[in-house]
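Protein chains get the first letters and strands the later ones, always in sequence-line order, with residue 1 at the start of each.
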Amino acid sequence: MTPHDFIGQLAAMIATACEGLFSSWGAPQLASRISIERPASREHGDLALNIAMVAAGTAGRPPRELAEEVIDAIRADAALPALLDSVEIAGPGFINITLAADALAAAAREALFLGPGFGRAAAHDGGRILLEFVSANPTGPLHAGHARYAAYGDSLRRILAFTGHDVTTEFYINDYGTQMDLFARSLASRYGRLTGVDIPMPEEGYAGAYTEHIAGMIHSRDLDVPPLSAELTPQALAFFRQQGRDLVLEEMRSILERFRVFFDNWYSETSLYENGMTEGAIKALLQAGEAVERDGALWLQTSAYGDDKDRVLIRGTGEPTYFASDIAYHRDKLERGFDQLVNIWGADHHGYVGRMKAAFDALSHDPGRLEIVIGQLVNVMEMGERKQMSKRAGTMVTLEELIDSIGVDAARFFLVDRSHDTTLDLDLEKAKLRSEENPVYYVQYAHARICSILARAREEGVAAGAGDSYGDVTDEERSLILKLLELPRVVENAAAYRAPNRITAYGRELAAAFHVFYHNCPVLKAPAASAAFRLDLCKLTRNVIATTLDLVGVSAPESM
RNA sequence: GCGCCCGUAGCUCAGCCGGAUAGAGCGUUUGACUACGAAUCAAAAGGUCACAGGUUCGAAUCCUGUCGGGCGCGCCA
């Protein structure tokens with residue numbers, strides 16, 4: 001449990017208080033099944049327990065009867081009654097709890113005392129995580145699909161780090177193979193046109209305008225270009241491959257930085273060939289007796305480990321496949337000391353999951369250490385029509401266009417606000433029109449509003465720092481505090497389910513709770529004790545909103 | 001044909017290791033600036049949670065099947 005998770009601590013205290021009772025029911029394991037939740041309706045109190053209904057089956061007794069006994073156990077506890085205002089049975093056997101005002105206020109004060117550290121978990125001993133995402137091949141600009149995975153992956157990185165995981169991010173550069181060759185040839189053709197050498201554009205080449213731009217950059221750099229002719233020499237090919245790769249990567253790196261997405265490592269696929277690691281992986285598989293020759297190719301027998309069919313490691317031509325180098329890459333991840341490998345892949349790669357897991361089995365690595373998160377695709381729409389995105393033809397919405405048209409904050413919030421498991425329609429024109437009503441502004445506005453109140457409090461000399469006892473709290477104060485106290489659990493769930501969208505959802509809920517509070521509870525004009533308390537709540541809310549926005553890489557402005 | 005994902009309000013989507021009257025934003029209608037920011041708040045309207053069975057005290061949530069949409073099923077990456 002995250003420290004300072006007041007709600008979780010309360011659940012733990014209740015579990016302890018009920019241990020004897022559960023044993024007497026012949027179901028001691030129930031203590032671990034205590035779950036405490038926020039009821040949907042305000043009438044049902046602050047928190048609710050459903051343990052009596054869960055227990056009814058095994059105990060063989062009516063839930064309301066069991067609930068009575070749970071309540072007795074809670075009332076008999078040494079510490080619990082002081083924290084609770086009321087504990088009641090409701091409906092089919094729910095136990096509804098209303099917290100004491102002092103307990104709420106004390107929890108809020110403790111959270112405020114922690115400052116930006118509220119909700120942050122202590123370091124886990126769960127091992128080192130390597131989070132790999134985007135991993136585009138450097139043959140052109142990043143597009144809207146990459147933008148989604150970039151926003152998602154980077155948010156996940158922030159959330160995992162915040163919840164105490166040791167996480168490293170990596171961009172795998174697919175700078176090897178036929179696509180790179182095609183790209184190099186396309187660049188050579190473009191370059192040839194600039195220098196009066198006729199080099200044909202490959203049939204499936206990259207004809208987008210951006211290749212012209214890159215060729216122009218190469219041209220303007222006054223480099224030592226190998227001699228060119230219609231038939232490209234290996235030297236010429238290598239030259240354009242290298243130049244193209246470097247320029248595109250440079251571009252990617254800077255646009256990702258603008259998008260506030262940072263990678264710890266950039267890992268080159270080509271390097272796996274140059275340092276013999278692809279070969280090494282293949283050898284290891286041969287030694288393990290998992291690879292066999294058939295039809296002139298070398299196959300990995302992945303079907304022995306649940307894959308649909310065996311997969312080729314070395315083609316008839318003698319060239320290793322992408323799969324072979326990918327195995328080498330993952331083997332290296334483990335050798336570098338990472339315990340858990342999390343890969344974010346687009347849905348168009350989900351067919352690849354089975355063989356990769358099978359490869360882990362074949363190398364006697366636990367496939368459980370490889371977690372592949374499949375992100376659904378992004379459809380680019382234009383006036384309600386689906387637009388075909390093609391890097392080759394250059395018809396796509398780039399990450400850069402996205403940022404330029406709606407801004408980093410709105411783009412990141414929008415991309416991460418939907419579950420990664422749902423296809424996302426992106427209409428750039430509509431996104432532009434609607435950027436003004438992006439929910440990100442709702443959350444940011446709450447933050448700015450608080451900053452403004454706090455500034456005025458300083459001017460007017462209104463003191464924060466409430467005392468120990470608060471008497472009653474208003475409904476709006478109570479809702480706001482309860483929402484604030486949810487942060488540790490929300491963050492933990494977001495990490496566990498790899499679901500940054502839970503963070504944005506929470507941010508909206510918190511902002512809403514604050515706006516309601518704001519409209520009903522004057523802060524600066526309240527009596528001194530109340531003003532001090534409410535100022536504390538404002539500060540805490542500001543901290544928590546800033547935390548949630550930061551967890552998805554969105555700024556928290558002081559004014560807007 | 002097989003596999004993965006999705007189907008929830010007019011639109012975009014939350015909620016899914018089962019919980020009480022299914023939520024939010026946008027859009028529509030109507031109110032609130034002589035209180036700290038109206039980028040806000042309050043209220044109304046809007047639903048066979050694709051469909052059909054099953055599991056149980058209880059199903060949007062789990063299981064089976066059907067329909068509809070997306071993606072994949074290369075000696076491409």
So [X], base contact, sugar-phosphate only, or nothing? Heavy-atom distance under 4.0 Å.
X: E509(A); answer: nothing
X: A48(A); answer: base
X: V54(A); answer: base
X: H44(A); answer: base
X: D181(A); answer: nothing

Salt-bridge test for D307(A) and R311(A): reply yes if a basic N is under 4.0 Å from a carboxylate O, no otherwise.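 Between R311(A) and D307(A) there is a salt bridge, with a charged N closer than 4.0 Å to a carboxylate O.
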Residue pairs passing the salt bridge (charged side-chain N to carboxylate O under 4.0 Å, His left out) test where at least one lies in residues 439-458 of chain A, sequence neighbours excluded: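 For residues 439-458 of chain A: R456(A)-E460(A).
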Residue pairs passing the side-chain hydrogen bond (donor to acceptor under 3.5 Å, both in side chains) test where at least one lies in residues 495-507 of chain A, sequence neighbours excluded: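 Output for this query lists E371(A)-R498(A), D417(A)-T504(A).
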The contact string for nucleotides 31-38 of chain B, one letter per nucleotide 5' to 3', using protein heavy atoms under 4.0 Å with B, S and - for base, sugar-phosphate only and none, comes out as ----BBBS
With B for base contact, S for sugar-phosphate-only contact and - for none (protein heavy atoms under 4.0 Å), nucleotides 72-77 of chain B reads SSSBSB
Using only modelled atom types and a 3.5 angstrom limit, is any donor from either the side chain of Y442(A) or the base of C26(B) paired with an acceptor on the other?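 When only heavy-atom distances are counted, Y442(A) does not reach the base of C26(B) through any donor-acceptor pair under 3.5 Å.
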Given Watson-Crick or G-U pairs with both distances under 3.5 Å, what dot-bracket string fits RNA chain B, with | for other-strand pairs and [ ] for crossing? (((((((..((((.....[...)))).(((((.......))))).....(((((..]....))))))))))))....
OP1 or OP2 of C57(B) versus the side-chain N and O atoms of R61(A): is any pair under 4.0 Å?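 R61(A) to C57(B) OP1/OP2: no side-chain N or O under 4.0 Å.
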For residues 33-40 of chain A, run the donor-acceptor check on the side chains, cut-off 3.5 Å, and write out each pair with its distance to 0.1 Å, sequence neighbours left out.
residue: R38(A); atom: NE; partner: D46(A); partner atom: O; Å: 3.2
residue: R38(A); atom: NH1; partner: E486(A); partner atom: OE2; Å: 2.6

From the list G19(B), U12(B), A42(B), which nucleotide is the closest neighbour of the side chain of R418(A)?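 The nucleotide sitting nearest to the side chain is U12(B).
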